[in-house]
Student: 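Okay, here's the structure, questions in a sec.
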Amino acid sequence: MTVKTRFAPSPTGYLHIGGARTALYSWLYARKTGGSFALRIEDTDRERSIQASVDAILEGMEWLGLDYDEGPVFQTQRFDRYAEVIQQLMDEGHAYHCYCSREELEEMREQQRANKEKPRYDGRCRARTEPVEGVEPVIRFRNPLEGDVVIKDLVKGDIVINNRELDDLIIARSDGTPTYNLTVVVDDIDMGMTHVIRGDDHINNTPRQINIMKALGATVPAFAHVPMILGDDGKRLSKRHGAVGVMQYRDDGYLPEAVLNYLIRLGWSHGDQEIFSREEMLEFFELEDIHGAASAFNTEKLNWMNQQYFKSLPVEVIEGHLQWHLENQKLDISNGPALADVIEGQRERAKNLVDFVETSRYFFEDFDSYDAKAQKKQFKAGVDATLQATHDRLAALDDWNPESIQSAINATCEALELGMGKVGPPLRLAVAGTPMSPGLDVTLNLVGRERTLQRIEKAIAFIAETTA
RNA sequence: GUCCCCAUCGUCUAACGGUUAGGACAUCGCCCUUUCACGGCGGUAAUCGGGGUUCGAAUCCCCGUGGGGACACCA
């Protein structure tokens, strides 16, 4: 049997972190088994579905590199098929018209709540044979009254629910449009899904869906219900903390490789391993290893993960991810060292891509002010002489490379009988404008001879002026 | 309220019924050091509670407690 999975979001918002993880798990399982993966947009609620959300989902999937073999399939384009199935269920006696008004239903639920019962439709239209004048009926599925439904869940184990807990759900609204539980079932059957991997907030729907599948004579797929992701504080994700779209993570400077790795480890594990290449994810991922409990999203660990990838990913890959940020933060790199070299110099200290761009400006642009605190500490009277000596040694170099630069600085220290601690920091501030940069040899080499010397001269003048 | 799911350091998690309960993030201390980082070494820190079953329980069972989810002509 060839595995087939799908990711089926409804376009009522962006692709959030929980959805992204479900998509990742579905994608991984299909890919690792040589099966296929489909993307289906559940947009039957026309009131709430919006195009912007569809775009956001597609963009998110692409950024994460989760490609699909089928789709996007839009449910709104399959209404004819749903109508056909609904008719079939009617013809076979598995469904019936219900003429109850919303008010009537609400009253019924009120009463059940008052009796400390679970609110559910009591089946009062089950036996009705005559239509009610002037009322467009909904269509309800005739759920079995007795017996258990068993969900064979790959994550949670067997879940048994008695049919008495279920009611006759609406499968078609009074305007004839199908509802979620019907469309999911029809699509999962038609698309040949073998494994339904989704959030565990769907567990309650599963027995109803299984009953419909059985009524349709279809094979019931395997299920894997993945727990929810909680916010940093352990509470349900909300807009205020973490319930942001995955594209926000791009905007904030995260690498998709890191986000994926963070997500796969959130609720899944393979021994003590933390870092997984895409190949390793495919090799080791098993639905059975998904942890059954909800897990809290931890930004600190994501930050760490992001840095791990920043340090180890091939430069070309980082360069690719950086393009958007360079544009977004308006950094023109055409006049300066090769971006790849700056990445090599900065990758161990940049917190993320946004931080990288922000802390790498001096390689490409001149600056006209110094870090205030560092200026106060380093640019004291007399330092200009030290800088001048350094300048002269550097200016005299035949070759401009990290080795020669380092030896020039070392020679300056010896000549002035000063430690590196006296010569280095002012030099760094003069050339970078900030007290933070890669090693001086690397920094000066990348900034280049002309710029380095100019900046030192400028700093000398600046010190002379401010300490006069 | 009813039904369902879940429960190991602050967080993510590991542990054929037998381990000094392991790792990672964070945190604290030390080392490295021209800055910022990286890195190295070490520390603090957990089996929700109560009953069983068993020679032996984090692990199996029951009951609590806590958290989450679901109970729509939403998905």
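Any value given below was found using the heavy atoms of this structure, including those in side chains, with hydrogens, waters and symmetry copies removed.
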Student: With distance as the sole criterion, do the side chain of Asn205(A) and the base of A75(B) form a donor-acceptor contact below 3.5 Å?
Tutor: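 A donor-acceptor contact between them is present.
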Student: Considering only the C1' atoms, how many Å lie between G67(B) and C25(B), rounded to the nearest integer?
Tutor: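 Straight-line distance between the two C1' atoms is 23 Å.
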Student: How many whole angstroms separate atom CD1 of Ile161(A) from atom C1' of C5(B)?
Tutor: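 It is 10 Å, rounded to the nearest whole Å.
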Student: May I have the distance from Glu110(A) (atom CD) to C71(B) (atom P), rounded to whole angstrom?
Tutor: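 Taking atom P of C71(B) as the reference, CD of Glu110(A) is at 17 Å.
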Student: With no angle test and no hydrogens, is the base of G23(B) tied to the side chain of Gln273(A) by a donor-acceptor pair under 3.5 Å?
Tutor: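 Not at all, since no donor on one side and acceptor on the other fall under 3.5 Å apart.
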Student: Any ion pair linking Asp371(A) and Arg428(A) (charged N to carboxylate O, less than 4.0 Å)?
Tutor: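 Answer for the salt bridge query: no.
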Student: Could you tell me whether the side-chain ring of His202(A) sits stacked on the base of A75(B), using a centroid cut-off under 5.5 Å and a plane angle under 30°?
Tutor: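 His202(A) vs A75(B): stacking yes.
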Student: Hey, mind stepping through Tyr254(A) and Tyr262(A) against ring pair (Phe, Tyr, Trp, His ring centres under 6.0 Å) and telling me if it holds?
Tutor: CA-CA 11 Å; Tyr254(A) 292 97; Tyr262(A) 179 74; 9.2 Å; no
Student: How far does the C1' atom of A21(B) sit from the matching atom of C28(B), given to the nearest Å?
Tutor: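 Taking atom C1' in both A21(B) and C28(B), they lie 22 Å apart.
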Student: Can you check whether any acceptor in the base of G69(B) is under 3.5 Å from a donor in the side chain of Asp200(A), or vice versa?
Tutor: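 No, the side chain and the base share no sub-3.5 Å donor-acceptor pair.
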Student: Grab the CG-C1' distance between Leu263(A) and U13(B) for me, whole Å please.
Tutor: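 Roughly 15 Å, once rounded to whole Å.
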Student: Atom CD of Gln75(A) and atom C1' of A75(B): how far apart are they, to the nearest Å?
Tutor: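 Rounding to the nearest Å, CD of Gln75(A) and C1' of A75(B) are 9 Å apart.
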Student: Can you give one letter per nucleotide of nucleotides 33-49 of chain B, 5' to 3': B if a protein heavy atom sits under 4.0 Å from the base, S if only from the sugar-phosphate, - if neither?
Tutor: -BBBBSS----------
Student: Given A72(B), is OP1 or OP2 found less than 4.0 Å from the side-chain N or O atoms of Arg109(A)?
Tutor: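 Yes.
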Student: Please report the distance, rounded to the nearest Å, between CZ in Arg265(A) and P in U11(B).
Tutor: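 Those two atoms, CZ and P, are 15 Å apart.
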Student: Within the 4.0 Å heavy-atom criterion, would you say Arg113(A) contacts the bases, only the backbone, or no part of the nucleic acid?
Tutor: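 Touches nothing.
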Student: Take the protein atom CE of Met108(A) and the nucleotide atom C1' of U2(B), then report the distance between them rounded to whole Å.
Tutor: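 In whole Å, U2(B) C1' lies 14 Å from Met108(A) CE.
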Student: Between atom CG in Asn181(A) and atom C1' in A70(B), what is the gap in whole Å?
Tutor: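 Asn181(A) atom CG is separated from A70(B) atom C1' by 12 Å.
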Student: Rounded to whole Å, please give me the gap between CE in Met305(A) and C1' in G23(B).
Tutor: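 Roughly 13 Å, once rounded to whole Å.
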Student: Angle between ring planes, Phe285(A) versus Trp268(A), binned at 30° and 60°: parallel, tilted or perpendicular?
Tutor: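 Rings of Phe285(A) and Trp268(A): tilted, as their planes differ by 30° to 60°.
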